[in-house]
Every structure is written in structure tokens, then in C-alpha cells.
K.L.:
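My structure is below; once you've seen it, I'll send some questions.
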Amino acid sequence: MKKMTNDYFLKFCDIVERSMPDPSQFDNCRKDMIDASFDDRNEVFVYTDTSHNMEVLKLDEYTKEFEKRRHNEIPNLKEHQPSAVDAVCVSKDNEWFLIEFKNEPIKNILKSTPKKMLSSVWLIAYLYSTLSEQISDEKDILKFARENITFITVVSSEKNENLEETIGATWEKDGPFYTPPKFMKYKGYYFKDVYVLTEKGLRFFIESFE
């Protein structure tokens, strides 16, 4: 398994761990891509390639601890825990990749995914700000996201056989990538890029990641 040892990823892990009510639970967040791809509803893994795996931070796992902390601070709080992506990886160049796994046809993800896109960026910014840390020299988080954060939805190739060539069974650093028309408005405004891969394309992403 590819270990993530760059300073940007390690700093993010440190911030998440320091933000947890019970830091001993942090190991539940620092996992790998296969673990992050687990579909709770159907009890299957979307990604299963053990020969190409890498360390990630499971941001959605952290939200469970986040909700506990918020309710400890504000006992009568009625809001629900924020939505967050399955996996976050950060490159040696401080390029962020938010990855959401969907074990279903792509047409089914177009309504639920945008909420996780924006909520995940908000949560990351919140974690840094509450600890008086900076994600970069750029203080405008939206500008940082436009220049440094990519949102990837990884869908099951079995559930999208008719679209596999279109949505990406491979991955190359400069694309081209498939962006669903309904996601185009987020590209270049909230994120540097937004696109969809199958689990086969994710294998090449992991292979190339530094």
C-alpha cells in the first residue's frame, strides 16, 4: 500500500486528530482507499484492487466525532452532522482530492453528491480555522478550492457498463475527464476540477499519485 508521507497530508491528519473529542478514535479515520470505498447499504467494496491501494483520510468517519463534539459544546443543538466525502488525499504539491464512492448508476448521484462537495470544503476550512492553522498562504478558502481542490466521484463500472468508456476507466494527469453536465457549474467556481471515474480509473489515479 502506498503511504502518504508528505507534509500537507500529515498536517491535515494532525489537525483532524487534534479536533476529535476522543483522539484515540483517529485510527478509524486514517485508513486506505479500499476501506473508504465500502458501501454500508449493500456491504460491498466499490474498489478492491489490493495491488494499487493508498492511504487516505476518511472525512465522513470524522463527521461522527464532529457531531459528538458539537453536541457537547451546544447540548440542545438540533442540526445534523455535516455531510462529507469518503476519502481525502493531499499531494506533495498541496493539491487536494476529495473522493466520493457511489455503488450505483451515475444518474442516481446527481442530486446527493453536490451537498457533500460543498459541505466537505466547509468542514476542512472549519477544522483549520478553529485551530488557528492555515491550509495555505491563501486565506480565501474559495479561491484556494478553485485552484487546488478536485472533486472525484468513483462509480461502480458494473452499474455503469453503458458509460464506462465515457466516464473513465483510465486516468491521466491532464485528462480529459468526464464531468456530468449538472456538475459543470461547480468546476472552476468551487473546485479546480470535478469529474467521474470508475474504480478501474481509480487504479491509475493511485498509481500516479505523489
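Being a predicted model, the structure only gives us computed values, none of them experimental. In what follows, residues are counted from 1 in the order of the sequence shown.
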K.L.:
Under a 4.5 Å cut-off applied to non-hydrogen side-chain atoms, are Ile152 and Tyr195 in contact?
P.N.:
yes

K.L.:
Any side-chain heavy atom of Cys89 sitting closer than 4.5 Å to one from Met33?
P.N.:
yes

K.L.:
Hey, any chance Leu57 and Leu131 share a hydrophobic cluster, counting ILVMFWY side chains that come within less than 4.5 Å of each other, even indirectly?
P.N.:
yes

K.L.:
Please report the shortest heavy-atom distance between Val16 and Tyr62, naming the atom on each side.
P.N.:
CG1-CD1, 3.6 Å

K.L.:
Looking at Glu104 and Arg41, is any side-chain nitrogen of the basic one under 4.0 Å from a carboxylate oxygen of the acidic one?
P.N.:
no

K.L.:
Which value, rounded to the nearest 0.5 Å, describes the distance between Leu10 atom CG and Met4 atom CE?
P.N.:
10.0 Å

K.L.:
Distance-only, no hydrogens or angles: does the Ser120 side chain make a donor-acceptor pair with backbone N or O of Val85 under 3.5 Å?
P.N.:
yes

K.L.:
Hey, could you give me the CE/OG distance between Met117 and Ser83, rounded to the nearest 0.5 Å?
P.N.:
12.5 Å

K.L.:
Is there a path of hydrophobic side-chain contacts, each under 4.5 Å between heavy atoms, that joins Tyr126 and Val90?
P.N.:
yes

K.L.:
I want to check something: taking the side chain as every heavy atom from C-beta on, are Arg30 and Phe9 in contact at a cut-off of under 4.5 Å?
P.N.:
yes

K.L.:
So does Lys11 pair up with Asp7, basic N to acidic O under 4.0 Å?
P.N.:
no

K.L.:
Measuring centre to centre across the rings, with the benzene-like ring taken for any Trp, is Phe205 within less than 6.0 Å of Phe209?
P.N.:
yes

K.L.:
About how many Å separate OH of Tyr47 and CG of Asp86, when rounded to the nearest 0.5 Å?
P.N.:
15.0 Å

K.L.:
Identify the heavy atoms of Ala125 and Ile141 that sit nearest to each other, and give their distance.
P.N.:
CB-CG1, 3.7 Å

K.L.:
For a side chain to side chain donor-acceptor pair (under 3.5 Å) check, start with the C-alpha distance between Asp93 and Ser91, then their side-chain angles and the critical distance, and finish with the verdict.
P.N.:
CA-CA 5 Å; Asp93 299 317; Ser91 78; 4.7 Å; no

K.L.:
Got a second to check how far Lys31's NZ is from Met1's CE, nearest 0.5 Å?
P.N.:
10.0 Å

K.L.:
Is the shortest side-chain heavy-atom distance between Thr179 and Tyr186 below 4.5 Å?
P.N.:
no

K.L.:
To the nearest 0.5 angstrom, please state how far the CE atom of Met54 sits from the CD1 atom of Ile206.
P.N.:
6.5 Å

K.L.:
With a 4.5 Å heavy-atom cut-off, do Val46 and Leu202 have their side chains touching?
P.N.:
no

K.L.:
Checking Lys102 side chain against Thr153 main chain: does a donor-acceptor pair fall under 3.5 Å?
P.N.:
no

K.L.:
Keeping Asp39 on the side-chain end and Asn103 on the backbone end, is there a donor-acceptor pair under 3.5 Å?
P.N.:
no

K.L.:
Is it the case that one hydrophobic cluster holds both Leu142 and Leu127, taking links as side-chain heavy atoms less than 4.5 Å apart, direct or via other members?
P.N.:
yes

K.L.:
Specify the closest pair of heavy atoms between Asp49 and Ser51, including all atoms of both residues, with the distance to one decimal.
P.N.:
OD1-OG, 2.5 Å

K.L.:
Quick check, are the ring centers of Phe38 and Phe45 under 6.0 angstrom apart?
P.N.:
yes

K.L.:
Residues two or more places apart in sequence or in another chain: which of them pass side chain to side chain contact (heavy atoms under 4.5 Å, CB included) with Lys143?
P.N.:
Glu138, Asp140, Arg146, Glu147

K.L.:
Are Asn94 and Ser136 side-chain neighbours, meaning at least one heavy-atom pair lies under 4.5 Å?
P.N.:
yes

K.L.:
Nearest 0.5 Å, please: how far is CZ in Phe12 from CG in Asn6?
P.N.:
12.5 Å

K.L.:
Under 3.5 Å, sequence neighbours excluded: what are the donor-acceptor pairs made by side chains of residues 187-194?
P.N.:
unit_1 : atom_1 : unit_2 : atom_2 : d
Lys187 : NZ     : Asp193 : OD1    : 3.4
Lys192 : NZ     : Glu95  : OE1    : 3.1

K.L.:
Examine distances only and state if a side-chain atom of Asp32 and a backbone atom of Ile34 form a donor-acceptor pair shorter than 3.5 Å.
P.N.:
yes

K.L.:
Are Leu197 and Ile99 side-chain neighbours, meaning at least one heavy-atom pair lies under 4.5 Å?
P.N.:
no

K.L.:
Would Phe183 and Trp122 show up in the same hydrophobic cluster when neighbours are defined by side-chain heavy atoms closer than 4.5 Å?
P.N.:
yes

K.L.:
State, to 0.1 Å, how close Ser157 and Glu199 come at their nearest heavy-atom pair, and which atoms those are.
P.N.:
OG-OE2, 2.6 Å

K.L.:
Between Val121 and Phe144, is there a side-chain heavy-atom distance shorter than 4.5 Å?
P.N.:
no

